[in-house]
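Everything below concerns the one structure shown next.
To find a chain, count down the sequence lines: A is the first, B the second, and so on, and within it residues start at 1. Quick note: numbers below take in every heavy atom, side chains included, and nothing from hydrogens, waters or symmetry partners. The model shown is predicted, which means the values in this text are computed figures rather than measured ones.
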Amino acid sequence: MVQKLDTLIETASQTAGPYVHIGLMPTYAGNGGYYDEEIATTPFVDESKAKGDVIEIVGSVFDGTGWAMRDALIESWQCDAAGVFPGAEGADPAFTGHCRFAADADTGEFTLRTVKPGSYMGRGGVISAPHISLWVVARGINIGLNTRIYFEDEDNANDPLLNRIEQRPRVETLIAKKTADGIYRFDIRLQGAGETVFLDL
Amino acid sequence: MTDMGPLIPRNRAIHPVPYDPDYKTSVSRSPNLPLLSMESSPSEETGPTFGHNKLGALDNNLILNWTKGAAPAVGERILMHGRVLDEMGRPVPNTLIEIWQANAGGRYRHKKDSYFAPLDPNFGGCGRTITDENGYYEFLTVRPGAYPWPNRANDWRPMHIHISVYGHSFGQRLITQMYFEGDPLINHCPIAATIKDRSSLDRLVAPLDFSKSRPLDFLAYKFDIVLRGRRQTMFENKLEGM
C-alpha cells in the first residue's frame, strides 16, 4: 500500500453538440434579447480607443471531407498590442482579448475582428511571436481543439511553439496569410491533407 | 497569480476519444495526427474575466428567464447546484458557468431542432451564473426530456444539461454534459460512450440530493465540476514579463 493522493480528477469533456449557439451565442442562434448583455461578442470595450492595429481574420473550419462546417463555434484569447494580457497591470483598458465567433450558417466562413497582438516574454525569458489562441468546438468534436494563429508578416523564427513542430511544412497551418491591408486568411482543417496543428498545452 | 506554475498536463485518458465510429459525426471531425504537447505558456495560463454586473437577476433561473418572470416553464422543477474546484481541490471562485438544454419534452429552442415535442412558450433553455467566493453555483430549471437523434438507426440522448465553464485560464476551458442518476439511456448513448473510462463517465452523472431539495417546490441534483489545476512547487521558475 502507498499513501493516497488527494488530488481530484478533471471533469471529462463532452461534445458541445449541434445547439451550442443557443447557450453561448443566443443572438446568433435567433434567440436575441435572452440576456441584457451577451458576453464576448467582440474583444473590444471601445474599438475607437484600443491601441494597435485593428485587423480582421477570415477563414473556415473544414472537416475531413473538405466541407466548410456551418456549425463550428470558436473562442479567441490573446494579449493586447503591447503584449500584455487583459486583466494584468498595464493592459489596454479598451480591449478584453476574448471573442466568440461562429461559422456563417450559409457560407461556413467566420470573421474575427480584433487588434493585432504583440509579442511577450514567457517563463525563462523566452519570447513568443505574436499569436492569438483559439478553441474550436462543434457537434462531433468530443473535446475542444486548441490551436494558434500566427502572422506571416511577423518574425516567427524564434517562436518556442512553432520551433517544436518537427514537420516544417505543418508550421504553415498556424500562419495567417495577409490578403489585403489589415485582412488575413486563416483556415482550420480538422483532419487529413493540410491538417492544422492542434495543441495540448 | 504571477507566482503560480504551469497548468498540470491534461490526462487525456479520462476524456472522450476524439474518433468514435459509433458517434458518426466525430469520424470526419477528429484530427488524425497527434496533438503537439508542450508546457503551458502565458497564453493558456491567463484567461478572460467577467463581472457580476453583466448578469441579470433571472439569468440562472431557467424556469422564469425566457418570459422575464411573467410565466413559469412546464416540467419537473429542479435545482442544479455544485462547486467548481481545480485538481488541487481549491475552489474556483468568480468564474462564469453557462448552461443550455432541451425543454421537459426533449425539444431545443433552435431552428434546426424539428422533434415532435412542442416548444414551451415559457422556456428558452439557457442560463448563466458566476461562482461565489467558495466556487459554488446554482441554477433553477426543469428536468430536460430525453430525445431521439439522427445517428445510428434508433439512438436517443439521455436527459442532460450542457455546461460551459471558463475557470481562470484559457487552458482550463471546458464544455461537458451533466446526466441524471438512474437514467437507463446513459448506457445506450454513443456520445456518453465516447468516454472509455467508466469512472470518468460516472462523474458526469448527478445524484439526487435531498439536502438541497425544497419541500413542495423542487428536487435537487448535485454536480461538482473539476478543472485543471496549476503545478506549484518551491522549484518553479517565476513567469517573466507578466
Side-chain angles (χ1 to χ4, degrees), chain A residues 6-19 22-24 26 29-31 34-37 39-40 63-65 75 77 85-88 96-98 120-125 128 131 133 135 137-145 161 164-165 190-192 195 197-201, chain B residues 10 14-16 18 25-26 28-33 35-38 40-44 46-50 54 56 59 85 87-89 98-100 108-113 124-126 162 164 170-171 173-177 191 194-195 200 203-204 225-228 237 239-242:
Chain A
D6 59 3
T7 44
L8 303 177
I9 298 171
E10 190 189 8
T11 299
S13 170
Q14 288 273 262
T15 180
Y19 308 124
I22 70 169
L24 304 190
N31 296 340
Y34 205 111
Y35 297 130
D36 293 340
E37 193 179 339
I39 64 145
D63 72 9
T65 72
E75 290 186 356
W77 172 244
F85 281 92
T96 72
H98 177 52
Y120 65 75
M121 190 184 289
R123 221 169 256 110
S128 284
H131 64 268
S133 296
W135 187 66
V137 296
R139 173 174 62 101
I141 296 176
N142 292 330
I143 179 165
L145 293 168
L161 185 137
R164 275 286 296 273
I165 299 172
L190 297 189
Q191 186 187 81
E195 184 174 308
V197 175
F198 294 105
L199 308 173
D200 177 34
L201 298 166
Chain B
R10 204 163 222 163
I14 64 94
H15 283 288
T25 314
S26 75
S28 64
R29 294 183 168 194
S30 43
N32 287 337
L33 296 168
L35 305 177
L36 177 65
S37 296
M38 282 182 74
S40 65
S41 76
S43 293
E44 296 76 40
T46 57
T49 52
F50 307 96
K54 292 214 185 261
D59 280 6
L85 305 164
E87 289 170 292
M88 311 309 285
E98 296 156 288
I99 66 170
W100 66 101
Y108 285 89
R109 186 172 286 280
H110 189 285
K111 50 183 178 275
K112 288 224 164 137
D113 190 352
C126 64
H162 297 266
S164 159
F170 199 58
R173 194 78 180 83
L174 182 74
I175 283 180
T176 188
Q177 301 180 27
I191 288 178
T194 59
I195 299 172
S200 186
R203 282 190 297 275
L204 299 186
I225 298 161
V226 180
L227 303 178
R228 295 173 67 189
N237 292 323
L239 287 175
E240 289 178 41
M242 282 194 66

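- Counting heavy-atom pairs closer than 4.5 Å to chain B, the top residue among A:Thr15, A:Thr7, A:Val137 is A:Thr15.
- Counting heavy-atom pairs under 4.5 Å between each of A:Asp6, A:Val197, A:Leu161 and chain B puts A:Leu161 at the top.
- How far CG of A:Asp200 is from CE of B:Met38: 11.0 Å, rounded to the nearest 0.5 Å.
- For A:Arg164 against B:Ser37, the heavy-atom pair with the smallest separation is NH2-O, 3.0 Å.
- Ionic pairing of B:Lys54 and A:Glu37 is present here: one or more N-O contacts between side-chain nitrogen and carboxylate oxygen are shorter than 4.0 angstrom.
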Checklist entry - Could you go step by step and tell me if B:Arg29 and A:Asn142 meet the side-chain contact (heavy atoms from CB on, under 4.5 Å) rule? => result CA-CA 9 Å; B:Arg29 294 183 168 194; A:Asn142 292 330; over 6 Å; no
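- At a 4.5 Å heavy-atom cutoff, B:Thr49 makes no contact with chain A through either its backbone or its side chain.
- Proximity of A:Ser13 to B:Ile175: side-chain heavy atoms (C-beta onward) are nowhere separated by under 4.5 Å.
- Summarising the geometry of B:Ser43 relative to A:His131, their closest heavy-atom pair is OG-NE2, 2.6 Å, with the distance given to 0.1 Å.
- Residues A:Thr11 and B:Leu227 have side chains not in contact (no heavy-atom distance under 4.5 Å, counting atoms from C-beta outward).
- Between chain A and the options B:Ser40, B:Pro31, B:Gly125, the largest number of non-hydrogen pairs under 4.5 Å is found for B:Pro31.
- With chain A as partner, the option from B:Ser26, B:Pro16, B:Ser28 having the largest number of non-hydrogen pairs under 4.5 angstrom is B:Ser28.
- Contact of B:Arg173 with chain A is made through backbone and side chain together, with heavy-atom distances under 4.5 Å.
- Of all the heavy atoms in A:Ala12 and B:His15, the pair that sits closest is CA-ND1, 3.7 Å.
- Atom CZ in A:Arg123 sits 8.0 Å away from atom OG in B:Ser41 (nearest 0.5 Å).
- Contact record, A:Trp77 with B:Thr46: NE1-OG1, 2.9 Å, taken as the closest heavy-atom pair.
- Heavy atoms of B:Thr194 lying under 4.5 Å from chain A belong exclusively to its side chain.
- No side-chain heavy atom of B:Lys112 sits less than 4.5 Å from a side-chain heavy atom of A:Pro18.
- When heavy atoms are compared at a cutoff of 4.5 Å, A:Thr96 does not approach chain B at all.
- For B:Glu98, the part sitting under 4.5 Å from any heavy atom of chain A is the side chain, from C-beta outward, and nothing else.
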Next on the checklist: With side-chain contact (heavy atoms from CB on, under 4.5 Å) as the criterion, how do A:Leu201 and B:Phe170 come out once you've worked through the C-alpha distance, each side chain's angles and the decisive distance to 0.1 Å?
Outcome noted: CA-CA 10 Å; A:Leu201 298 166; B:Phe170 199 58; over 6 Å; no
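- B:Leu33 and A:Glu195 get closest at one heavy-atom pair: N-OE2, 2.8 Å.
- Options A:Ser133, A:Gly140, A:Gly97 differ in how many heavy-atom pairs under 4.5 Å they form with chain B, and the most are formed by A:Gly140.
- With hydrogens and angles disregarded, no donor-acceptor distance shorter than 3.5 Å links the side chain of A:Glu10 to the backbone of B:Glu87.
- In terms of non-hydrogen atom pairs under 4.5 Å with chain B, the most contact-rich of A:Asn31, A:Thr65, A:Leu145 is A:Asn31.
- Of all the listed residues (B:Phe50, B:Tyr108, B:Trp100), the one sharing the greatest number of non-hydrogen pairs under 4.5 Å with chain A is B:Trp100.
- Taking every heavy atom of both residues into account, B:Leu36 and A:Ile165 meet most closely at CD2-CG1, 3.9 Å.
- Put simply, of B:Thr25, B:Ile225, B:Ile195, the one with the most heavy-atom pairs under 4.5 Å next to chain A is B:Thr25.
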